[in-house]
Engineer: 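Structure in structure tokens, see below.
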Amino acid sequence: MSVSQFQIDSHGRRTHTSGELRADHVSQHVVLKGWVDCRRDLGGLIFVDLRDRYGITQIVFNPEHNAETAKIAEALRFEFVISVKGTVREREVAAKHANMPTAAIEVMADDLIILNTSEPLPFMVSAQESRETKASEDLRLKYRYLDLRRQELKHNVLLRHRVYQAVRRFYDAEDFVEVETPVLMKSTPEGARDYLVPSRVHAGKFFALPQSPQTYKQILMVAGMDRYFQIVKCFRDEDLRADRQPEFTQIDVEMTFATEDMIYDTAEGMLAQIWKDVKGAELELPFPRMSYDQAICTYGSDKPDLRFGMELHDLSRTFKGCRFRLFDSVIEDGGAVVAIVVPGMGDTGRGKMDKLDKNIVRQKLGARGLIHFRLPSDGSETVSSVKSEVLPAEFVNAAVTATGASAGDAVLVLAGAAPKVFEQVGDLRLHLGRDLGLISDSPDGPWKFLWVTDFPLLEWDEDSGRFHAMHHPFTSPRAEDMGKLGDDPGSVRAQAYDIVLNGSEIGGGSIRIHRPDVQQQMFDALGIEEEEAQARFGFLLDAFRFGAPPHGGIAFGLDRIVMLLTGASSLRDVIVFPKTQSAQEPMVQSPDVVDEHQLTELHIQLLDESQDDA
RNA sequence: GGUCCGGUAGUUCAGUUUGGUUAGAACGCCUGCCUGUCACGCAGGAGGUCGCGAGUUCGAGUCUCGUCCGGACCGCCA
């Protein structure tokens with residue numbers, strides 16, 4: 001029989017999936033349907049691993065059992081779609097993959113129907129190959145439907161599904177209302193760049209895809225919805241990273257009459273639900289909290305990775321008046337001298353240290369240069385990278401004491417302007433943590449959650465010469481700092497918080513402003529003119545005039561959460577059809593050009609390429 | 001916008017340092033043999049615009065310039 005011949009599926013519906021047959025199914029007659037994961041043709045006997053979403057079952061074709069069926073089976077190749085009618089039986093020889101759930105049995109085929117054939121594959125899909133594919137990501141994205149058949153990606157998709165369900169179950173039980181907010185909204189060019197959608201009906205006007213449903217969810221609070229959540233796509237037209245996609249999914253939450261503690265409780269409850277449902281893990285609640293200032297001073301980051309120690313030490317006082325010019329000048333200018341203690345680095349040679357200095361500290365971190373004190377493990381005298389004539393030994397020893405370093409450790413020191421030098425040492429800490437194998441990205445944890453609280457409300461932007469909202473312009477200042485908004489905006493703390501997991505920011509939120517006068521003060525501090533504020537956010541200011549309740553909320557990066565749960569190294573592995581780093585989608589090849597006609601309808605005229613530089 | 005790495009058979013790579021015969025390997029594909037495999041085995045075969053374009057050279061996969069694509073990072077991401 002020719003393979004190309006059209007086959008009618010006379011087997012009827014499948015009786016089982018390829019993942020569920022066990023020893024107690026033996027001697028049952030079954031119908032299985034799925035893909036040929038692989039085929040082992042021994043000349044007479046043919047073994048086929050039949051795969052579907054649920055698992056793999058071994059099918060045996062034996063010419064002595066049914067010659068005609070065995071003959072058809074010779075034509076089977078990778079990824080053919082087949083229907084098999086047969087009898088479950090115990091395996092004569094123990095399976096080599098005894099850990100496979102269906103390893104105890106096989107199906108002796110009585111009949112085989114080839115439902116569809118497959119051309120030779122651009123890359124291997126079969127289970128053995130798929131644990132760690134060698135295919136380039138480019139190719140995998142182009143043939144994403146094949147990539148998604150692989151164990152790893154299939155697992156990620158299914159896990160992501162369980163996360164959605166856990167989230168919905170939790171919020172529903174907590175009386176939250178799921179509401180869909182518009183995807184076509186208006187551009188609010190504060191922050192990230194918007195994706196714009198031209199309006200056909202209104203010449204020269206544009207919708208924008210939401211960077212977040214922020215203003216809508218606040219208005220839902222004004223509307224009395226009380227508790228809202230949504231699993232929602234958000235869009236940002238910025239450059240991509242391994243953990244950044246132009247369209248991504250948020251778990252968006254807002255609560256009326258919320259305090260920070262109420263938000264923390266609910267968020268912790270939701271995360272605990274996810275971890276319980278997906279990992280069977282009980283998270284320890286509540287999560288620890290740390291202020292933004294403390295995070296920067298202790299870890300040099302607003303998203304500290306607590307999976308390992310190596311905290312920062314501010315040695316500015318220790319080195320005060322040390323006569324080492326670099327330290328003295330930095331301290332005099334209000335900068336800081338910051339150190340970390342690296343265990344096991346006390347015997348590291350000068351060459352390696354210089355390499356670290358050159359390749360990492362100077363090139364990658366852009367810092368001024370690494371100073372180090374090594375404490376050999378044999379307890380001999382501390383070796384300083386700076387000669388004692390230049391930096392007296394008493395100061396080196398004081399530094400060693402202050403950091404608590406002991407034999408076998410190295411003390412690494414950077415000096416520079418604060419807070420930048422803290423961040424640089426923080427990056428160095430992360431680099432070394434990874435380098436020394438102190439960080440494990442295993443999907444089994446450990447899970448180190450942390451709330452980072454008391455973020456600054458504003459940050460100074462050198463380029464535009466004005467303050468920017470660190471979170472967003474609707475974030476409420478702390479009540480006690482409200483008075484400083486006018487004279488000393490830089491020192492105002494916000495009621496804003498981030499939730500950090502293993503050094504990744506997986507969510508953030510704030511208590512919002514709910515009074516028009518405070519919102520106006522905030523716009524003033526941001527240098528947004530009244531007219532402009534009215535044009536951009538008038539609808540929100542209006543809403544605040546009609547009994548807006550106090551409210552606050554949080555949004556989680558669902559993709560990042562799934563990425564951490566799966567141990568994936570890239571967001572692209574947990575998104576079914578992701579964009580490449582250049583924000584394109586290789587399978588459908590978007591974005592793409594459109595007809596002149598379509599453009600005309602949208603009142604759009606393209607600039608000449610040559611005018612691009614203008 | 002910038003820095004760095006990569007692009008050679010359907011796929012993953014070697015070959016580029018030092019330019020020189022017919023560009024190799026593994027997997028996949030095709031043919032034949034093979035009745036207990038599970039990375040099945042054995043034998044044979046087909047398969048290449050060395051990303052693209054210019055340049056240097058007697059001669060370029062290899063050197064130079066440009067360009068496109070992919071990736072990591074910086075800037076950017078309220």
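So that the names make sense, note that chain A is the first sequence line, chain B the second, and so on, each numbered from 1.
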Engineer: B:A14 and B:G6: how far apart are their C1' atoms, nearest whole angstrom?
Structural biologist: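 These two C1' atoms come out 15 Å apart once rounded.
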Engineer: Would you jot down, in residue-number order, the residues of residues 574-583 of chain A having a non-hydrogen atom under 4.0 Å from RNA chain B?
Structural biologist: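 Those residues whose heavy atoms fall under 4.0 Å from RNA chain B, taken from residues 574-583 of chain A in numerical order, are A:Thr580, A:Gln581, A:Ser582.
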Engineer: Reckon A:Ala135 touches a base, only the sugar-phosphate, or nothing at all at heavy-atom distances under 4.0 Å?
Structural biologist: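 The answer is sugar-phosphate, as A:Ala135 gets under 4.0 Å only of primed atoms, P, OP1 or OP2.
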Engineer: Identify whether any heavy atom of A:Asn62 sits under 4.0 Å from a base atom; if not, whether one sits that close to sugar-phosphate; answer base, sugar-phosphate or nothing.
Structural biologist: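 It contacts base atoms.
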Engineer: Is it the case that more than 12 heavy atoms not belonging to A:Lys420 sit under 6.0 Å from its NZ atom?
Structural biologist: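 No - once you tally the heavy atoms of other residues, nucleotides and ligands closer than 6.0 Å, there are 12 at most.
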Engineer: Considering only atom C1', compute the distance from B:G48 to B:G24 and round it to an integer number of Å.
Structural biologist: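 Each nucleotide's C1' atom is 12 Å from the other's.
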Engineer: Could you work out which one of B:A39, B:C29, B:G1 sits closest to the side chain of A:Asp239?
Structural biologist: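 For the A:Asp239 side chain, the nearest candidate turns out to be B:G1.
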Engineer: Under 4.0 Å from any atom of RNA chain B, heavy atoms only: list the residues of residues 242-252 of chain A that qualify, in numerical order.
Structural biologist: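 Close to the strand are A:Ala242, A:Arg244.
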Engineer: Looking at every strand, decide which applies to A:Arg560 at a 4.0 Å heavy-atom threshold: base, sugar-phosphate, or nothing.
Structural biologist: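 Counting heavy atoms under 4.0 Å across all strands, no contact is made by A:Arg560.
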Engineer: A:Asp49 has an atom CG; how far is it from atom C1' of B:U37, in whole Å?
Structural biologist: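 After rounding, the reported distance stands at 9 Å.
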Engineer: Is the A:Phe455 ring parallel, tilted or perpendicular to the A:Tyr292 ring (thresholds 30°, 60°)?
Structural biologist: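 Rings of A:Phe455 and A:Tyr292: tilted, as their planes differ by 30° to 60°.
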Engineer: If every non-hydrogen atom of A:Thr580 is compared with every non-hydrogen atom of A:Leu141, which pair is closest and at what distance?
Structural biologist: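 Nearest pair, atom of A:Thr580 first, then A:Leu141: CG2-CD1, 3.8 Å.
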Engineer: Can you tell me the distance, in whole Å, between the CG atom of A:Asp41 and the P atom of B:G28?
Structural biologist: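 Rounded to whole Å, this separation is 14 Å.
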Engineer: Mind checking A:Glu64 for me? I need base, sugar-phosphate or nothing, with any heavy atom below 4.0 Å counting as a touch.
Structural biologist: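 The answer is base, as A:Glu64 lies within the cut-off (heavy atoms under 4.0 Å) of a base atom.
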Engineer: Counting side-chain heavy atoms from C-beta on, which of B:C77, B:C34, B:U12 comes nearest to A:Ser136?
Structural biologist: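 Shortest atom-to-atom distance from the side chain points to B:U12.
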Engineer: Applying a 4.0 Å non-hydrogen cut-off, can you work out what A:Phe78 is touching in the nucleic acid: base, sugar-phosphate, or nothing?
Structural biologist: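 It contacts sugar-phosphate atoms only.
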Engineer: To the nearest Å, give me how far apart NE2 (A:His472) and P (B:A78) are.
Structural biologist: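 For the pair A:His472 NE2 and B:A78 P, the rounded distance is 10 Å.
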Engineer: Hey, does the side chain of A:Ser301 reach the backbone of A:Lys303 with a donor-acceptor pair shorter than 3.5 angstrom?
Structural biologist: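 Between the backbone of A:Lys303 and the side chain of A:Ser301 there is a qualifying donor-acceptor contact (under 3.5 Å).
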Engineer: Counting only heavy atoms not in A:Arg193, do more than 12 fall under 6.0 Å of its CZ?
Structural biologist: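 No, not enclosed.
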Engineer: Find the distance A:Phe47:CZ to B:G36:C1' and express it as a whole number of Å.
Structural biologist: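 The answer, rounded to whole Å, is 4 Å.
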Engineer: Starting the side chain at C-beta, find the nucleotide from B:C29, B:A78, B:U37 nearest to A:Glu106.
Structural biologist: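 Minimum distance to the A:Glu106 side chain belongs to B:U37.
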Engineer: Looking across every strand, which nucleic acid part, if any, lies under 4.0 Å from A:Met100 by heavy atom: base, sugar-phosphate, or nothing?
Structural biologist: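 Nothing, no heavy atom under 4.0 Å.
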Engineer: What's the gap between B:U21 and B:U67 when it is taken at their P atoms, as a whole Å value?
Structural biologist: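 Nearest-Å result for B:U21 against B:U67 at atom P: 32 Å.
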Engineer: Between B:U35, B:G71, B:C38, which one does the side chain of A:Arg572 approach most closely?
Structural biologist: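 Nearest nucleotide to the side chain: B:G71.
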Engineer: Pairing check on B:C63: which nucleotide meets the Watson-Crick or G-U wobble criteria with it, both distances under 3.5 Å?
Structural biologist: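 Base-paired to B:G55.
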Engineer: Verify, without hydrogens or angle tests, whether A:Arg150 (side chain) and A:Val125 (backbone) share a donor-acceptor contact under 3.5 angstrom.
Structural biologist: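 Answer holds: no.
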Engineer: Let me spell it out: for each of A:Met470 and A:Ser570, pick the nucleotide of RNA chain B with the closest heavy atom. Which residue's pick is nearer the 5' end?
Structural biologist: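 The 5'-side residue here is A:Ser570.
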Engineer: Please tell me whether A:Gln218 and A:Gln214 have a donor and an acceptor in their side chains that are separated by less than 3.5 angstrom.
Structural biologist: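 The answer is yes; a qualifying pair exists.
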Engineer: Roughly how many Å apart are B:G51 and B:U22, using the C1' atom of each and rounding to a whole number?
Structural biologist: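 My reading of the C1' atoms in B:U22 and B:G51 gives 24 Å.
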Engineer: Between A:Glu74 (CD) and B:U31 (P), how many Å, whole number?
Structural biologist: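 Distance check: A:Glu74 CD to B:U31 P gives 11 Å.
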Engineer: Tell me which nucleotide among B:U31, B:G75, B:U35 gets nearest to the side chain of A:Pro63.
Structural biologist: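 Between B:U31, B:G75, B:U35, the one nearest the side chain of A:Pro63 would be B:U35.
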Engineer: Check whether more than 12 heavy atoms from other residues, nucleotides or ligands sit under 6.0 Å from atom CH2 of A:Trp35, and answer yes or no.
Structural biologist: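 No.
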Engineer: So, A:Thr57 side chain and A:Leu50 main chain: donor-acceptor pair closer than 3.5 Å or not?
Structural biologist: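 Side chain of A:Thr57 to backbone of A:Leu50: no pair is present.
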Engineer: Any donor-acceptor pair under 3.5 Å between the side chain of A:Arg241 and the base of B:G75?
Structural biologist: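 Such a pair is found, so the answer is yes.
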Engineer: Looking for any heavy atom pair under 4.0 Å, which part of the strands does A:Pro473 touch: base, sugar-phosphate only, or nothing?
Structural biologist: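 Base, at least one base atom sits under 4.0 Å.
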Engineer: Tell me the interatomic distance from A:Leu571, atom CG, to B:G71, atom P, rounded to whole angstroms.
Structural biologist: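 Those two atoms, CG and P, are 13 Å apart.
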Engineer: Respond yes when some side-chain nitrogen or oxygen of A:His97 is under 4.0 Å from OP1 or OP2 of B:U37, and no when none is.
Structural biologist: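 No.
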Engineer: Taking atom P of B:U11 as reference, at what distance in whole Å does atom CG of A:Leu146 sit?
Structural biologist: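 The answer, rounded to whole Å, is 13 Å.
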Engineer: With rounding to whole Å, what would you report as the distance between B:G45 and B:G28 at their C1' atoms?
Structural biologist: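 Going atom to atom, C1' in each nucleotide, I get 14 Å.
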Engineer: Is there side-chain contact between A:Arg493 and A:Lys484, with heavy atoms separated by less than 4.5 Å?
Structural biologist: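 No, side chains not in contact.
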Engineer: Kindly say whether, by distance alone, the side chain of A:Gln584 makes a donor-acceptor pair under 3.5 Å with the base of B:G70?
Structural biologist: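 No such pair is found, so the answer is no.
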Engineer: Where the side chain of A:Arg40 is defined as all heavy atoms beyond and including C-beta, which of B:U37, B:C74, B:G28 is the nearest nucleotide?
Structural biologist: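 Among the listed nucleotides, the one closest to the side chain of A:Arg40 is B:U37.
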Engineer: Determine whether a donor-acceptor pair (N or O, by modelled atom type, separation under 3.5 Å) exists between the side chain of A:Gln211 and the backbone of A:Ala192.
Structural biologist: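 Answer holds: yes.
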Engineer: Is there a Watson-Crick or G-U wobble partner for B:C27 with both distances under 3.5 Å, and if so, which one is it?
Structural biologist: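 In the structure as shown, B:C27 has B:G10 as its Watson-Crick or wobble partner.
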Engineer: When you check the side-chain N and O atoms of A:Gln230 and A:Thr181, is any donor under 3.5 Å from an acceptor?
Structural biologist: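 Result is yes, a qualifying pair exists.
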Engineer: Kindly say whether, by distance alone, the side chain of A:Asp138 makes a donor-acceptor pair under 3.5 Å with the base of B:G7?
Structural biologist: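 No, the side chain and the base share no sub-3.5 Å donor-acceptor pair.
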Engineer: Within the 4.0 Å heavy-atom criterion, would you say A:Arg77 contacts the bases, only the backbone, or no part of the nucleic acid?
Structural biologist: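 Counting heavy atoms under 4.0 Å across all strands, the contact made by A:Arg77 is with sugar-phosphate only.
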Engineer: According to the Watson-Crick and G-U wobble definitions, with both distances under 3.5 Å, which nucleotide is paired to B:G70?
Structural biologist: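 Across all strands, the one nucleotide that pairs with B:G70 is B:C5.
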Engineer: Would you indicate what A:Ala496 reaches in the nucleic acid, counting non-hydrogen atoms under 4.0 angstrom: base, sugar-phosphate, or nothing?
Structural biologist: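 The answer is nothing, as A:Ala496 stays clear of every strand by at least 4.0 Å.
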Engineer: Look at all strands and tell whether A:Leu139 reaches a base, only sugar-phosphate, or nothing, counting heavy atoms closer than 4.0 Å.
Structural biologist: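 Since only primed, P, OP1 and OP2 atoms lie under 4.0 Å of A:Leu139, the category is sugar-phosphate.
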Engineer: Between A:Gln58 and A:Arg40, do the side chains contain a donor N or O and an acceptor N or O under 3.5 Å apart?
Structural biologist: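 Looking only at side-chain atoms, A:Gln58 and A:Arg40 do form a donor-acceptor pair, the distance falling under 3.5 Å.
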Engineer: Tell me the interatomic distance from A:Glu119, atom CD, to B:G28, atom C1', rounded to whole angstroms.
Structural biologist: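 Roughly 14 Å, once rounded to whole Å.
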